[in-house]
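As the structure is a prediction and not an experimental result, all values here were calculated from the model. The chains referred to below are lettered A, B, ... by the order of the sequence lines, with proteins before strands, and numbering in each begins at 1.
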Amino acid sequence: MKKKGQSNQGAPAGGSGNTATRAENQAVLNISNNLEQTLGNIKRELGSSPDLKIRKFQIGSAEPVWVAAVFMDGLINAVAVDEFVMGALFDNSADAAEEMPREPQERLQLILDRALELGEIAVKDDWNDMMLSLLSGNTIILLDGCSKAIEGGTKGGEWRTVAEPSSQIVIRGPKDSFVESIITNIALIRRRIKSPTLWTEFMKIGTVTNTDVALLYMKGRAEDKVVDLVRMRLKKINIEAVLESSYIEQLIQDKLFTPFPTVYNTERPDVAAANLLEGRVVLIVDGTPFVLVVPTVLAQFLQSTDDYTQRFDSATLMRLVRYMSLIILLLGPSVYIALTTFHYEMVPTPMLISLLAQRENVPFPAAIEAMIMEAAFEILREAGTRMPRAVGQTVSIVGALILGTAVVEAGIITPVMVIVVALTGIASFAIPSYNLAVAGRIIRFGFLVAASMFGFYGITLGLIVLIAHINSLESFGTPYLAPLSPFSIRGQKDTLARLPMFTIDLSPEKLGNMNNDNKSGNDQGTSDSGKDGRTGA
Amino acid sequence: MREIRIGSVHFFSLVLMFELGTALVVNVGMEAGRDAWIAIFLGCLVGMLVYTGYNYLFKLYPDLPLSGYTRAILGKPLGAVVVILYAVIFLNGAGRDMRDGSALLVMAALNRTPILIVAAMMILSCGYVLHKGLEVLARTSFIIMVGVLLIGGIITLLMFFSGEMEWSRLQPLLGDGIKPVALSVIRSNYMFPFGEVFCFTMLMPYFGDKKRAVWVVPSAILAAGLIISFTALVNITVLGSDMVERSPFPLLATVSKAALSDFIQRLDVLVVMLLIIGVFFKVAVYYGAAVIAISDLFNLPYRTLIIPSAIIILFSGMLDSRSFVEHLEEGAEMLTFVYPVFTIVIPVVLIIVAAFRNYRSRSRPG
């Protein structure tokens with residue numbers, strides 16, 4: 001694209017990403033010797049956008065040279081720009097009176113050498129690299145008569161500050177959460193794992209958005225096979241825009257046709273750190289506080305930080321409650337329908353009498369009744385989720401009135417059905433992970449249909465098929481039901497129950513050995529599923 | 001498709017679930033009267049003995065299923081004919097079990113649902129799981145096994161606490177001599193359900209740990225034998241041998257006697273669930289064995305055969321007899337006359353030919 005000059009500059013900083021396609025679309029532009037022409041090209045390419053700031057000035061006393069500093073307003077750290085530009089270009093010390101060198105290369109070098117104020121500085125000779133750097137918030141310095149550009153790392157601007165997590169709330173545990181800035185997010189993890197074995201790789205994904213994606217793993221703990229697989233799948237992604245980590249999630253997940261999430265996401269740095277220590281890979285996408293964790297297992301979606309900050313006995317109880325609520329969510333309404341329409345002999349007689357007395361006035365069969373109520377509940381929940389806060393109260397009051405009292409008094413739904421549906425609804429909130437709860441809500445309707453047509457026969461077959469389906473899932477080479485099937489005694493320490501900390505305190509050597517054991521074992525390599533590494537944090 | 005490797009635990013659970021299958025719920029070995037449980041246990045031992053024969057063949061050809069080594073031993077043309085016969089018997093086994101299960105379900109719980117729909121649901125579920133692969137079937141069986149054992153444990157505890165069990169109903173032990181017991185064993189007990197493990201000869205090459213493979217299946221047969229025998233014993237102590245003999249599902253009647261205060265009164269539905277699970281695994285294993293045999297013989301991809309086989313199983317199972325009574329009659333005759341040919345006669349011939357060849361090929365160079 002461009003012929004190289006003498007290469008006495010530092011290598012351009014990484015991130016040459018997906019600029020190729022942009023170059024294909026437009027005429028190939030170069031950084032020209034003529035400053036005016038280059039500035040004109042920049043303006044034209046950005047459509048003379050008003051947030052593009054160009055400051056042009058002369059330096060050198062005897063033979064002044066035109067220099068321009070180019071940056072995007074709002075993306076830069078104003079203080080850094082001032083210091084960089086002032087420090088690098090206007091040196092007020094005594095020997096500044098000396099002549100600027102004549103050779104453009106030497107001038108460039110002089111400026112580079114003077115720019116002490118910045119930690120990050122590089123020379124760009126590729127147009128697309130330069131533009132990407134400019135749009136990332138760096139300041140570009142162009143010299144008249146020189147076909148290279150200096151890039152000063154002045155990224156900054158407004159970001160949300162680190163706040164409390166909003167979707168993964170705990171009783172006890174760290175109160176910080178990830179933010180939208182990828183650099184801050186990596187720092188939040190590094191503060192927890194001060195180890196040189198925490199390795200980070202950057203790549204740019206999205207041909208238009210050029211979003212930064214960081215791949216974090218702990219060398220020696222993460223299986224190389226998994227890291228390679230993640231890297232390969234990330235490289236394969238061909239998409240224009242990445243606006244949230246879910247874009248990446250949906251492009252690297254193992255299987256499309258399943259309601260179950262095979263990529264874990266979290267907004268808690270402590271959870272991300274614990275997962276890194278367990279040998280998982282963490283993906284951070286710029287612009288979103290939700291980071292991805294792979295590989296994952298089903299049990300992980302039912303765990304919470306509270307499991308480790310509370311005593312082991314209460315943690316086990318909480319965890320069992322969550323498993324129970326998953327079962328209630330899946331089977332609650334369908335078991336009720338099966339009992340009341342197919343197998344009423346199972347219901348104790350006094351209860352059956354009261355049930356039938358209630359059903360007396362209701363025009364619908366139980367299955368229809370359940371469908372109506374479940375649909376109404378889903379509508380209510382959806383309305384509540386995205387409701388502006390000011391009207392949120394209205395939804396809950398109206399919902400409670402309609403779904404609670406009025407619907408029963410109007411003789412449309414039996415009171416027991418209201419209880420069953422409410423219980424399922426609450427159960428879905430007891431699952432710590434939103435995407436697993438959604439999976440449960442979808443599958444629940446399948447069970448509802450099966451139960452209304454075949455009673456317990458439908459439920460049993462449905463359960464077998466569901467278990468087989470979950471068994472067939474994999475997340476980056478790890479079976480989705482990992483410590484349960486394939487069964488490993490070690491994994492049970494932290495799956496259904498959470499045993500006391502000393503039993504799951506694995507030193508790094510042991511953890512490494514365990515991974516190796518599993519690799520050589522006759523079942524496929526199962527990564528440990530528990531949060532064993534937490535104590536090492 | 002990835003290479004299939006079934007772990008030992010999962011293979012064990014698959015064999016156990018297959019064995020328990022319907023045998024846990026229906027009437028087994030009642031020709032022996034109150035000594036049925038002895039007959040069942042003896043049948044289990046005979047079943048283990050029969051399996052050692054399959055183990056011999058497995059050791060000779062650890063990477064081939066039955067359909068593979070039959071052709072290797074008997075030669076291509078004759079072997080192919082035998083494999084076709086086996087495929088037919090597997091399809092028939094799946095169809096019969098499906099018919100059994102659906103008819104029992106229609107009787108026990110779904111008396112207004114057409115039997116064809118019930119059967120179609122069953123075969124659809126089996127087809128789905130087999131489509132996911134044999135490994136998934138085995139892993140699923142492990143989780144289901146844990147559930148079944150839990151249900152079994154709860155029911156057993158309830159039976160003990162309910163005070164319905166009377167040990168005197170077992171006495172006198174072998175009161176009519178050994179003859180009825182032996183007759184029962186010879187007629188059908190060793191074959192149903194223990195001889196039926198012959199379809200696992202099709203799955204043996206997928207066993208992950210070949211060394212342990214030799215022990216896993218017999219131990220699963222033994223475990224199944226103990227459980228079924230214990231169930232029969234509980235049935236007899238609760239109901240008495242007269243009632244057990246006349247009842248189509250003695251376990252259903254037994255369990256309905258269990259009660260915990262006034263709340264848990266009828267746990268029959270748990271038994272119905274056990275029945276569904278058992279039928280599912282029986283159909284799925286026969287179905288899988290048939291699909292492997294056909295795909296091995298004709299070199300067809302495994303997954304394309306799932307739907308055609310499902311249709312054959314569904315209709316052959318539904319059309320094989322005019323009524324359920326006729327179906328049962330047919331089943332009893334098949335157990336006595338047809339199944340032994342496939343579980344004993346053909347394997348014995350295979351063993352003899354293989355041993356002879358083995359002997360010759362070993363003695364020739366030496």
Side-chain angles (χ1 to χ4, degrees), chain A residues 254-255 257-258 298 327 331 335 338-339 341-352 446 449-474 477 479-489 492 496 518 521-526, chain B residues 2 5-10 13 101-102 105-106 108-113 117-118 121-122 124-133 135-144 146-147 207-210 212 256 261-270 272-277 279-281 284:
Chain A
D254 287 70
K255 205 167 184 183
F257 293 105
T258 176
L298 183 64
I327 293 169
L331 299 180
V335 166
L339 280 180
T341 49
F342 287 90
H343 314 278
Y344 30 77
E345 74 276 4
M346 266 196 83
V347 184
T349 319
M351 195 170 154
L352 188 65
V449 172
S452 57
M453 293 201 306
F454 299 102
F456 270 108
Y457 178 57
I459 294 177
T460 315
L461 280 188
L463 271 180
I464 296 176
V465 168
L466 179 68
I467 292 172
H469 175 77
I470 302 175
N471 255 322
S472 74
L473 293 179
E474 271 189 8
Y480 199 50
L481 277 176
L484 284 177
S485 125
F487 190 77
S488 89
I489 296 280
Q492 302 309 312
L496 287 172
N518 282 335
N522 52 350
D523 292 325
Q524 319 94 317
T526 65
Chain B
R2 210 163 38 112
R5 282 279 162 267
I6 302 176
S8 313
V9 185
H10 298 138
S13 63
S102 333
L105 274 168
V106 168
L110 300 166
N111 34 25
R112 276 189 284 175
T113 313
I117 303 294
V118 174
M121 285 292 290
M122 176 64 79
L124 269 179
S125 317
C126 290
Y128 177 82
V129 177
L130 283 179
H131 180 81
K132 293 284 169 202
E135 204 181 342
V136 169
L137 177 69
R139 288 209 243 145
T140 307
S141 77
F142 175 71
I143 294 177
I144 302 277
V146 174
F207 208 104
D209 187 352
K210 304 258 181 210
R212 273 197 247 167
S256 60
S261 72
D262 273 346
F263 183 63
I264 299 177
Q265 286 171 327
R266 313 256 336 233
L267 291 170
D268 320 22
V269 86
L270 290 182
V272 174
M273 276 175 93
L274 287 186
L275 177 73
I276 300 165
I277 292 168
V279 171
F280 174 88
F281 281 104

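Atom-to-atom distance recorded for A:Leu461:CG and B:Tyr128:OH is 13.5 Å, nearest 0.5 angstrom. Summarising the geometry, atom CD1 belonging to B:Ile276 is positioned 10.0 Å from atom CG belonging to A:Leu463; distances are rounded to the nearest 0.5 Å. Note that the CG atom of B:Leu270 and the CZ atom of A:Phe456 stand 8.0 Å from one another [nearest 0.5 Å]. Atoms CD1 and CZ, from B:Ile117 and A:Phe454 in turn, are 6.5 Å apart once rounded to the nearest 0.5 Å. To the nearest 0.5 angstrom, B:Met273 atom CE is 8.5 Å from A:Ile464 atom CD1. Between the CG atom in A:Leu481 and the CZ atom in B:Phe142 there is a gap of 11.0 Å [rounded to 0.5 Å].
Heavy-atom distances place both the backbone and the side chain of B:Val118 under 4.5 Å from chain A. Of the atoms belonging to B:Ile144, it is side-chain heavy atoms, and not backbone ones, that fall under 4.5 Å from chain A. Proximity to chain A (any heavy atom under 4.5 Å) is shown, for B:Ser125, by both the backbone and the side chain.
Residues B:Ile143 and A:Asn471 are in side-chain contact: their nearest non-hydrogen atoms beyond the backbone lie under 4.5 Å apart. Between B:Leu110 and A:Tyr457, some side-chain heavy-atom pair lies under the 4.5 Å cut-off. When side chains are defined from C-beta on, B:Arg139 counts as touching A:Pro479, because their heavy atoms get closer than 4.5 Å.
Residues A:Ala468 and B:Val136 approach most closely at O-CG1, 3.2 Å, considering heavy atoms. When all heavy atoms are compared, the tightest approach of A:Thr460 to B:Ile277 is CG2-CG1, 3.6 Å.
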